Amino acid sequence: MGDQLLVSVDEMLGSGSDTNGQVLESVREMLGSGLDSNDQQVTVVPSLNGVLIDQPLAIGQEFPDVDTCRRTLKEIAISLHFEIRIVKSDRSRFIAKCSKEGCPWRVHVSKCPGVPTFTIRTLHGEHTCEGVQSLHHQQASVGWVARSVESRVRDNPQYKPKEILQDIRSQHGVAVSYMQAWRGKERSMAALHGTFEEGYQLLPAYCEQIRKTNPGSIASIATGQENCFQRLFISYRAAIYGFLNACRPLLELDRVHLKGKYLGLLFCAAAVDANDTLFPLAIAVVDVESDENWMWFMSELRKLLGVNTDSMPRLTILSERSAGMVEAVETHFPNAFHGYCLRYISENFRDTFKNSKLVNIFWNAVYALTTSEFESKVSEMVDISQDVLQWFHHYNPQQWAVAFFEGLRYGHFSLGITEVLYNWALECHELPVVQMMEHIRQQVTSWSNDRRNMGMRWTSILVPSAEKRISEAIADARCYKVLRANEIEFEIVSTERTNIVDIRSRVCSCRRWQLFGVPCAHAAAALISCGQNAQLFAEPCFTVHSYRETYSQMIYPIPDRSLWNEAGEGTDGGGANVDIIIRPPKTRRPPGRPKKKVLRIESFKRPKRVVQCGRCHMLGHSQKKCSLPS
């Protein structure tokens with residue numbers, strides 16, 4: 001072929017456009033095995049002028065099977081802008097002709113005897129038609145779209161149908177509909193990851209692999225009527241160990257709605273490590289949000305912790321105020337302190353009263369450290385609206401106000417897990433359930449590895465977040481006068497008030513030491529006055545040792561699906577028989593474009609604490625930066 005004088009695509013089409021250059025490259029890639037790398041031009045099918053030009057197809061050319069032959073001819077037809085009509089296609093032959101009446105172009109491919117390959121027997125290479133003049137092409141089917149975008153979908157599962165149709169038009173000069181692009185992506189995702197239905201069928205084997213590769217982990221499935229999927233619960237041993245041995249006794253609970261073919265919800269219980277980053281403990285997928293499913297999830301969580309909760313400090317659970325969640329916590333963790341997310345409470349207050357002045361006073365009440373300060377702010381709100389009292393009666397301050405809440409939140413007043421769940425749902429909504437859980441496992445594993453390596457580089461006593469808080473406390477402590485009552489009790493005097501510090505009990509009358517677990521400015525002043533290192537008086541959960549212990553265990557990878565033992569015997573260890581085929585849940589995504597709820601990232605952030613000066617009692621600055629003389 002290298003000895004032939006060939007006509008280039010640019011000369012044939014007479015435009016010299018980038019699209020034509022892409023046509024040339026696509027034909028070269030498709031038929032590269034038959035082209036010499038030194039050829040600067042490639043033989044092509046004539047398109048507009050009826051001149052016979054040498055073919056990229058040749059008599060005797062072979063294809064592995066009839067499907068490859070069919071796909072190759074479609075690619076050529078799309079690249080060179082003519083349409084073909086299939087005359088005959090069966091196990092032994094494939095015959096196609098140009099779709100334009102009177103055009104002599106025709107190809108006959110038949111099966112070679114004794115082997116699975118097909119070869120071109122007859123080829124009429126002359127086109128007398130003008131080809132396809134519009135952007136629409138008969139051969140641009142959903143299957144062709146799926147093959148065209150498969151590599152892009154593999155690299156970017158968030159590849160949107162709108163982007164697909166734009167890229168196909170720019171790269172191939174073909175217009176496809178939005179529905180073709182959507183179905184093409186769906187078919188490509190199924191080819192890469194399997195169908196949603198296959199994902200549910202693989203769950204028993206997947207759970208078995210989790211327990212086999214990560215001994216001590218929990219992976220269980222529950223099905224409903226007709227073996228339809230109902231619930232999945234997964235917790236890795238590394239997470240269980242890290243929470244029980246190193247994390248503070250604080251759990252965040254939340255859920256997010258999934259937008260896949262069969263909908264459902266993703267539940268999560270997450271702890272907080274020494275450096276104030278989230279540590280997922282248990283993840284569940286359920287078919288619908290119901291009181292029964294929340295009760296089941298908290299029951300599994302209770303089993304996971306088992307007798308260890310008896311030796312742990314009293315647990316604090318932070319969540320939204322949904323009826324099913326509240327009842328489930330009270331049933332399975334009756335001794336735990338249950339607090340409500342301040343973002344949820346504040347949004348409800350804001351939407352109820354729609355008064356910015358009330359909202360500002362409300363935040364002052366939320367962060368008030370004493371009951372007298374809280375009641376003072378409530379009185380200010382009542383002066384503006386009497387309806388505030390009824391709202392406070394409905395939302396008990398004992399479960400969200402700093403002055404009344406008895407549990408230890410360590411400064412965590414809002415749910416941080418919400419943003420993590422939202423991102424997981426966004427990244428995985430087009431993946432089957434097994435692939436979704438694998439994506440989550442891989443991300444959690446990556447976090448653990450990065451944090452483990454980071455923790456090994458630290459040489460301090462406390463983690464950076466705790467060190468920063470103590471440094472700020474030491475800086476603020478310089479303006480206090482310290483009076484020592486005895487070996488353990490100190491009186492810290494400032495211009496506006498006096499606080500009592502007990503360094504043995506680690507208590508300050510301002511309550512900040514108890515609330516955050518690290519010495520406050522008053523405690524720092526007392527400790528410095530008696531020559532103590534304030535860092536040694538932080539809670540053990542803030543030490544670098546605890547941080548390293550949290551991530552000391554590995555989450556081991558799950559083998560490729562092809563290596564799983566499909567012929568499992570008995571149950572999967574979670575009560576489900578691995579031989580039973582689990583069907584998808586009854587719920588289905590309704591037709592049409594789903595309603596989009598925009599969640600602003602800034603709404604996930606913890607509400608900013610209102611700073612109040614201890615000297616002049618004005619908001620917006622601390623005592624250290626106060627302009628009034630001391």
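Basis for what follows: all heavy atoms, side chains included, without hydrogens, waters or symmetry-related copies. Note that the coordinates shown come from a computational prediction; the quantities given were computed from them, not determined experimentally.
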Euclidean distance, [Y] [atom2] relative to [X] [atom1], rounded to 0.5 Å:
{"X": "K74", "Y": "W144", "atom1": "NZ", "atom2": "CH2", "answer": "11.0 Å"}
{"X": "M554", "Y": "S448", "atom1": "CE", "atom2": "OG", "answer": "9.0 Å"}
{"X": "R583", "Y": "Y262", "atom1": "CZ", "atom2": "OH", "answer": "11.5 Å"}
{"X": "L253", "Y": "H338", "atom1": "CG", "atom2": "NE2", "answer": "6.5 Å"}
{"X": "L304", "Y": "S235", "atom1": "CG", "atom2": "OG", "answer": "4.0 Å"}
{"X": "E438", "Y": "C428", "atom1": "CD", "atom2": "SG", "answer": "11.0 Å"}

Taking C-beta and beyond as the side chain, do [X] and [Y] meet within less than 4.5 Å on heavy atoms?
{"X": "H412", "Y": "L250", "answer": "yes"}
{"X": "V544", "Y": "L462", "answer": "no"}
{"X": "E327", "Y": "W294", "answer": "no"}
{"X": "L258", "Y": "V285", "answer": "yes"}
{"X": "L281", "Y": "L301", "answer": "yes"}
{"X": "S319", "Y": "E252", "answer": "no"}
{"X": "I555", "Y": "N214", "answer": "yes"}
{"X": "I234", "Y": "R441", "answer": "no"}

Show your reasoning for whether side-chain contact (heavy atoms from CB on, under 4.5 Å) applies to R231 and I221.
CA-CA 6 Å; R231 305 170 184 131; I221 316 166; over 6 Å; no
Can you see whether Y547 has R451 sitting over its ring - NZ or CZ less than 6.0 Å from the centre and within 45° of the normal?
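The answer is no, since R451 fails at least one limit relative to Y547.
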Cation-pi check, R409 to F405: give yes when NZ or CZ is under 6.0 Å from the six-membered ring centre and within 45° of the ring axis, no otherwise.
yes
Ring geometry between W424 and W447 (parallel below 30°, tilted from 30 to 60°, perpendicular above 60°):
parallel
Hey, can you tell me if W564 and Y206 have their rings parallel, tilted or perpendicular (30° and 60° cut-offs)?
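Tilted, since the angle between the ring planes falls between 30° and 60°.
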Polar side-chain atom of [X] near backbone of [Y] as donor-acceptor pair, under 3.5 Å:
{"X": "D90", "Y": "S92", "value": "yes"}
{"X": "N423", "Y": "E419", "value": "yes"}
{"X": "Q230", "Y": "A222", "value": "no"}

For residues T68 and P64, report the shortest heavy-atom separation together with the two atoms involved.
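Nearest heavy atoms, T68 then P64: CG2-CD, 3.7 Å.
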Write down the atom of V463, the atom of A274, and the distance for their closest heavy-atom approach.
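Answer, listing the atom of V463 first, then A274: CG2-O, 3.2 Å.
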Would one find more than 12 heavy atoms of other residues, nucleotides or ligands at under 6.0 Å from atom [atom1] of [X]?
{"X": "Y556", "atom1": "OH", "answer": "no"}
{"X": "R147", "atom1": "CZ", "answer": "yes"}
{"X": "H257", "atom1": "NE2", "answer": "yes"}
{"X": "R183", "atom1": "CZ", "answer": "no"}

Can we call the ring centroids of [X] and [Y] under 6.0 Å apart?
{"X": "Y410", "Y": "F516", "result": "no"}
{"X": "Y551", "Y": "F279", "result": "yes"}
{"X": "Y200", "Y": "F229", "result": "yes"}

Candidate pair R187 and E150, rule salt bridge (Lys or Arg N to Asp or Glu O under 4.0 Å), full reasoning
CA-CA 9 Å; R187 188 175 296 185; E150 185 171 329; over 6 Å; no
side-chain contact (heavy atoms from CB on, under 4.5 Å) assessment of E226 paired with K586:
CA-CA 10 Å; E226 301 177 6; K586 296 291 186 180; 3.0 Å; yes
Quick one: which of E186, E198, E197 gives a salt bridge (Lys or Arg N to Asp or Glu O under 4.0 Å) with K261?
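Passing option: E197.
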M295 and side chain to side chain contact (heavy atoms under 4.5 Å, CB included): which single residue from M325, E300, H332 fits?
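Result for side chain to side chain contact (heavy atoms under 4.5 Å, CB included) with M295: H332.
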